[in-house]
Every structure is written in structure tokens, then in C-alpha cells.
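The structure appears below as C-alpha cells.
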Amino acid sequence: MINSIEDLDSFFLSYMPSGGRSGEIRENRLKRMAELLKALGNPEKDFKSIHVAGSKGKGSTSSIIAFLLEKSGHSTGVFLSPHVYSLLERFKKGDGYFPLSSYFSSAEVLEEKVRNLSFIPTTFELYTAYSYLLFSREKVEYAVIETGLGGRIDSTNTISSFAEVLLTIELEHTEILGSTIKEIATEKSKIIKENTDVFLSENSLEALDVFIKESQEKNCRIHSFSSIVRDFEYDEKKDAGFLSFSIDGEKYEIRSALRTLKMMKNIALSVLTLKRLSLLDRKSLDYLSFFTIPGRFEERKRGEKTIVLDVAHTEESILNCACTFSSLYKRRRCVIFSAIKGKNYKAMIDILALFFDTMIFTKTIEFKKSDPEEIMSYASSAYPEKKLYVIYDAKDALEKAKENADDILIAGSFYLITEYKDA
């Protein structure tokens with residue numbers, strides 16, 4: 001029986017693939033998913049889907065689109081990954097959560113069907129199928145589905161989306177997706193379906209060329225942020241940011257609790273998407289003044305101290321986050337940083353060194369490899385004038401930061417932010 005979130009989490013994690021199977025699983029993923037979804041009665045056919053892919057910003061953009069859909073009067077589900085504090089963040093209503101009983105009963109249906117499969121599914125395959133099943137049972141009208149890794153053979157590429165949103169492409173997971181922007185963009189472009197609406201964020205010309213070519217071959221209608229969103233302006237403020245822009249001659253002025261420049265552009269892209277799909281009620285935009293997403297420039301006050309948590313984990317996102325942080329917080333500053341293996345931590349440290357004199361390097365959660373000593377070795381060599389510390393325990397790192405600073409930024413990885421759920 002699944003009677004708690006802990007039971008639910010244990011059920012999914014029990015299917016975490018063991019080493020050596022990932023290549024075989026990946027190449028056969030869509031066939032595996034087809035069998036799994038058939039066993040569940042193909043719940044992915046019971047709602048209309050918007051598919052979202054990209055290297056950065058897809059989770060926040062998916063969340064914003066789903067929130068605005070719900071507030072515009074459309075029953076909506078959203079599938080996200082990874083989660084920050086709670087497993088249920090992966091499977092949400094557009095503006096909150098479904099009843100706990102729905103999560104548990106849907107999981108029990110899934111658990112029963114999995115027993116009769118001809119293969120052992122992976123955790124992410126189950127996450128994906130479970131989201132479809134939950135949304136079907138909850139009778140949502142729309143679902144916003146964020147891809148996991150890539151797009152072409154991602155578990156989520158089993159929906160018949162009527163619109164796709166493609167975000168910024170960066171060099172990421174190069175050992176799997178390819179070593180160039182073009183190769184990575186090609187993998188992600190394969191979520192585009194025939195005769196759909198395709199929405200493109202600002203991007204490199206190389207990535208845009210891939211997306212436009214794929215869209216044209218599929219006879220899609222292309223909506224590009226760069227050519228449609230006009231007069232974009234923003235202002236970061238401590239209580240809420242402000243942005244304004246025009247689409248099709250119509251002006252929008254929005255107060256937003258999501259205050260970084262990148263987040264505000266994600267809002268504008270979300271508005272563009274729903275406006276062009278004729279699904280936006282302008283009144284829904286008023287709710288953005290208090291809409292937040294876990295780990296996205298999330299501010300906490302602890303007495304006289306300010307802590308900001310951000311899942312930024314690439315050079316562009318770290319720069320965006322650090323710029324916003326330094327513009328808003330002027331007291332003694334410190335950053336707590338960690339990066340999982342394979343990330344370009346040197347480039348991120350070079351950026352952080354522009355804004356912080358005190359840096360603390362710590363570990364992420366245990367199942368994601370990180371090496372604070374390696375990061376420290378580079379930082380101490382490149383920036384000997386800085387106050388640098390290695391503290392393996394994340395909570396001890398926060399206590400050290402409080403001794404050295406009034407305003408503290410924690411960034412570098414989803415899996416670092418997870419450590420500060422109760423901080």
C-alpha cells in the first residue's frame with residue numbers, strides 16, 4: 001500500500017537503473033514507454049499537451065505556462081524534473097497540488113500494472129507514465145510536459161502535443177546529446193510534431209536554425225520571441241520585479257515575484273505562447289506578483305540575515321543570478337556553491353568571483369557526485385585574495401556563511417538547494 005509521500009518516493013526509487021544498462025535502455029526507451037502506456041490504457045491521450053524542451057529555463061517556463069493556464073480557467077497539470085524539496089513538485093496542478101489521495105491511488109494503479117510488463121522500467125519512465133495517469137484520472141484539460149534529458153528519445157516524447165516551446169540551448173550532457181550546439185539542438189528539436197505551433201525563445205543562431213528547419217519540415221507555425229516580443233523592459237525590485245513588453249501591438253505590464261532577467265523573459269515567452277494559442281485571460285497575469293517556484297531566486301529572511309536559493313547551474317544562469325543578487329543586496333555578501341561532476345565549475349567560479357569576496361564550497365546530496373576540494377583547488381589558485389572555505393556538510397556551510405555575511409546566495413545545483421529545504 002502507498003499511504004504517504006515517503007512510500008511514493010520509495011516506490012519510484014526502487015526502479016532506479018543499475019550501472020551498465022543506461023545505453024540499452026536509452027535506445028529502446030520509446031518502445032518501452034509504448035508498452036508501459038498501453039498497459040495503463042494510454043492516459044496521455046486524455047488531455048491536450050504543450051511540450052517544453054531546452055538546456056535552461058524549461059522547468060520555470062513550464063511552471064509559468066501551467067500557472068497562467070490554470071488562472072485563465074483551464075484545468076491544468078504540469079510535469080517537471082527534477083524536484084527541489086518534495087517529490088510532488090514533479091506532478092502538480094497548474095496552481096498547486098492535487099489531493100494526496102489522488103497521488104496515492106494513482107501510484108497503486110501504476111504499481112499493479114508494472115508487475116506484468118516484459119521489462120523493468122526506470123524511475124524516470126515511471127515518473128513520466130505516472131504523470132500522464134494522474135492527469136488523466138484528475139481529468140485535466142491541458143498538461144504542460146517538461147522533457148527530461150534531450151527530446152528525441154526522451155520518455156516524454158510519447159505525447160501528441162499541439163504546441164512545443166523550445167528554450168535556450170547550451171553545451172550540456174555532451175557525452176549523451178552531442179558535443180556541439182547543433183547536435184544538442186537537433187536532439188531537442190525532435191519533440192516538434194506535424195502541423196503544430198512552435199514557440200522559440202531567444203537563442204544562438206545555430207540553435208534557431210535547427211529549430212526553424214525542423215518546424216518548416218513539419219509544416220508548423222513558428223512564433224519567435226525575438227521577432228514578436230517588442231519593447232521589452234524590466235526593473236528588479238526587492239518586493240517584486242516589473243516588466244513590460246508588447247505582443248501584436250498589445251502592451252503588457254506585469255509585476256513579478258520572479259525577479260531575474262531570465263525569469264522575466266520566460267514570463268514574456270509564456271504570455272506569447274498562451275496569447276497566440278488563444279488560451280490567455282489577461283486577468284491571470286495579476287497573480288504573477290506572488291507566484292514563486294522553488295529554488296528560483298527564492299528569498300528567505302532569517303532574523304537579520306537574507307538567504308537566496310537559486311538552482312542556477314550553468315555559466316549564463318549563474319551570471320544572471322549573481323547580477324540580480326548583487327543589484328538587490330548591498331550588505332556583506334557570501335556565496336555557498338557546489339557543482340555536480342561534469343559541470344563547468346571553473347567558468348562559474350570565475351563569474352562568482354566578480355561579485356563575492358567570500359565563497360564556501362560544499363557537497364550536494366550523496367547520490368550526485370561533487371568534489372568541493374577540486375573546486376577549492378581551482379579557486380584558491382585563481383583567486384588567492386578571496387576568503388575561501390571548504391565545508392562538506394551543507395548546513396555547517398550555512399552557519400559559516402552567517403558568520404561572514406548578512407546576505408547569502410546559495411547556488412550551483414538543484415541537488416545543493418535540496419539540502420536547504422528547512423534552512
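If you're wondering where the values come from, they're calculated on a predicted model, not measured in any experiment. One-based numbering along the sequence shown.
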As a quick check of understanding, evaluate side-chain hydrogen bond (donor to acceptor under 3.5 Å, both in side chains) for Ser105 and Arg137, giving each step before the final call. CA-CA 10 Å; Ser105 61; Arg137 288 165 59 90; 3.0 Å; yes

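- Across every non-hydrogen atom of Leu272 and Phe199, the tightest pair is O-CE2, 3.8 Å.
- For the pair Lys92 and Tyr97, the cation-pi criterion (under 6.0 Å, within 45° of the ring axis) is fulfilled.
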Pair Ile307, Asp407 - check side-chain contact (heavy atoms from CB on, under 4.5 Å), show working. CA-CA 6 Å; Ile307 303 169; Asp407 298 322; over 6 Å; no

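- Here the shortest heavy-atom pairing between Leu328 and Lys237 reads CD2-C, 3.7 Å.
- With salt bridges taken as basic N to acidic carboxylate O contacts below 4.0 Å, none links Glu35 and Lys31.
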side-chain contact (heavy atoms from CB on, under 4.5 Å) between Leu80 and Ser62, worked out: CA-CA 8 Å; Leu80 306 169; Ser62 298; 3.7 Å; yes

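- In terms of the salt bridge (Lys or Arg N to Asp or Glu O under 4.0 Å) criterion, residue partners of Lys251 (sequence neighbours excluded) are, by chain and number, Glu253.
- Annotation for Ile391 and Ala397: closest pair CG2-N, 3.6 Å, computed over non-hydrogen atoms.
- Ring centroids of Phe291 and Tyr287 are separated by 6.0 Å or more, keeping the two rings apart.
- With a 4.5 Å cut-off on side-chain heavy atoms, Thr273 and Leu280 do not count as touching.
- Contact check for Leu409 versus Phe356: side-chain heavy atoms found under the 4.5 Å cut-off.
- Classification of the Tyr329-Phe325 ring pair by plane angle, with boundaries at 30° and 60°, yields tilted.
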One pair to check against salt bridge (charged side-chain N to carboxylate O under 4.0 Å, His left out): Lys71 and Asp95. What are the steps and the verdict? CA-CA 7 Å; Lys71 292 303 184 184; Asp95 62 349; 3.4 Å; yes

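- To the nearest 0.5 Å, atoms OH (Tyr103) and CD (Glu138) are separated by 8.0 Å.
- A distance of 6.0 Å or more separates the ring centres of Phe242 and Tyr234.
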Salt bridge (charged side-chain N to carboxylate O under 4.0 Å, His left out) for Glu206 and Lys182? Distances and angles first, verdict last. CA-CA 6 Å; Glu206 194 173 12; Lys182 182 177 180 180; over 6 Å; no

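- Looking at Glu236 and Arg259, no side-chain N of the basic residue comes within less than 4.0 Å of a carboxylate O on the acidic one, giving no salt bridge.
- Without hydrogens or angle criteria, Asp154 side chain to Leu149 main chain gives a donor-acceptor distance under 3.5 Å.
- Side-chain atoms of Ser136 never come within 3.5 Å of backbone atoms of Tyr132 as a donor-acceptor pair (strictly under, hydrogens ignored).
- Side-chain atoms of Ser256 do not come within 3.5 Å of backbone N or O of Gly241 as any donor-acceptor pair.
- A donor-acceptor distance shorter than 3.5 angstrom exists from the side chain of Asp7 to the backbone of Asn3, with no hydrogens or angles considered.
- Salt bridge Lys395/Glu419: absent, no basic N to carboxylate O contact under 4.0 Å.
- Counting only heavy atoms from C-beta outward, the side chains of Phe12 and Leu110 approach each other to under 4.5 Å.
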Run the side-chain contact (heavy atoms from CB on, under 4.5 Å) test on Tyr420 and Val84 for me, step by step, so that the C-alpha distance in whole Å, both residues' side-chain angles and the decisive distance to 0.1 Å come before the verdict. CA-CA 9 Å; Tyr420 294 100; Val84 181; over 6 Å; no

For Asp310 and Ile417: C-alpha separation, side-chain torsions, deciding distance, then whether side-chain contact (heavy atoms from CB on, under 4.5 Å) applies. CA-CA 7 Å; Asp310 198 288; Ile417 300 306; 5.7 Å; no

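- Ser155 OG to Leu30 CG: the interatomic distance, rounded to the nearest 0.5 Å, is 7.5 Å.
- Counting all heavy atoms, side chain and backbone alike, Ile120 lies closest to Arg32 at O-NH2, 2.9 Å.
- Looking at every heavy atom in both residues, Asp235 comes nearest to Met264 through O-CE, 3.9 Å.
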Can Asp281 and Ser72 be said to form a side-chain hydrogen bond (donor to acceptor under 3.5 Å, both in side chains), step by step? CA-CA 5 Å; Asp281 182 341; Ser72 293; 5.6 Å; no

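- Ser189 places no side-chain N or O within donor-acceptor distance of the main-chain N or O of Phe211, the cut-off being under 3.5 Å.
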Can you list the steps and then say if Glu298 with Arg300 is a salt bridge (charged side-chain N to carboxylate O under 4.0 Å, His left out)? CA-CA 7 Å; Glu298 179 184 350; Arg300 298 179 185 176; 3.2 Å; yes

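- Scanning all heavy atoms of the two residues, the minimum distance from Thr168 to Glu202 falls at OG1-O, 3.5 Å.
- Taking the salt bridge (Lys or Arg N to Asp or Glu O under 4.0 Å) definition, one finds that Asp248 meets it with Lys275, Arg276, sequence neighbours left out.
- For Phe135 and Tyr142, the ring centers sit 6.0 Å or farther from each other.
- Geometrically, Lys363 does not engage Tyr392 in a cation-pi contact defined by less than 6.0 Å to the ring centre and at most 45° from the axis.
- Applying the salt bridge (Lys or Arg N to Asp or Glu O under 4.0 Å) rule to Asp197 yields the partners Arg221; only residues at least two apart in sequence or on another chain are considered.
- At least one donor-acceptor pair closer than 3.5 Å links the side chain of Thr76 to the backbone N or O of His74.
- Of the possible donor and acceptor atoms, one in the side chain of Ser370 sits under 3.5 Å from a partner among the backbone N and O of Thr364.
- Around NZ of Lys301, the count of heavy atoms belonging to other residues, nucleotides or ligands within 6.0 Å exceeds 12.
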Give the intermediate values and the outcome of salt bridge (charged side-chain N to carboxylate O under 4.0 Å, His left out) for residues Glu250 and Arg282. CA-CA 11 Å; Glu250 190 172 354; Arg282 283 193 64 135; 2.8 Å; yes

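- The closest donor-acceptor contact from the side chain of Tyr130 to the backbone of Glu125 lies at 3.5 Å or more, if one exists at all.
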Would His51 and Thr156 count as a side-chain hydrogen bond (donor to acceptor under 3.5 Å, both in side chains) if you check the C-alpha gap in whole Å, the side-chain angles of each, and the deciding distance to 0.1 Å? CA-CA 8 Å; His51 211 174; Thr156 65; 2.8 Å; yes

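- A salt bridge links Glu214 with Lys190: at least one charged nitrogen is closer than 4.0 Å to a carboxylate oxygen.
- A donor-acceptor distance shorter than 3.5 angstrom exists from the side chain of Ser270 to the backbone of Asn266, with no hydrogens or angles considered.
- Using a 4.0 Å cut-off between charged side-chain N and carboxylate O, Glu146 and Arg90 make no salt bridge.
- Checked options Asn320, Leu258, Thr324; the residue passing with Met263 is Leu258 (criterion: side-chain contact (heavy atoms from CB on, under 4.5 Å)).
- The shortest side-chain heavy-atom distance between Phe414 and His83 does not fall under the 4.5 Å cut-off.
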Give the intermediate values and the outcome of side-chain hydrogen bond (donor to acceptor under 3.5 Å, both in side chains) for residues Ser161 and Glu164. CA-CA 7 Å; Ser161 48; Glu164 297 83 32; 2.6 Å; yes

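- With a 4.5 Å cut-off on side-chain heavy atoms, Val78 and Glu89 do not count as touching.
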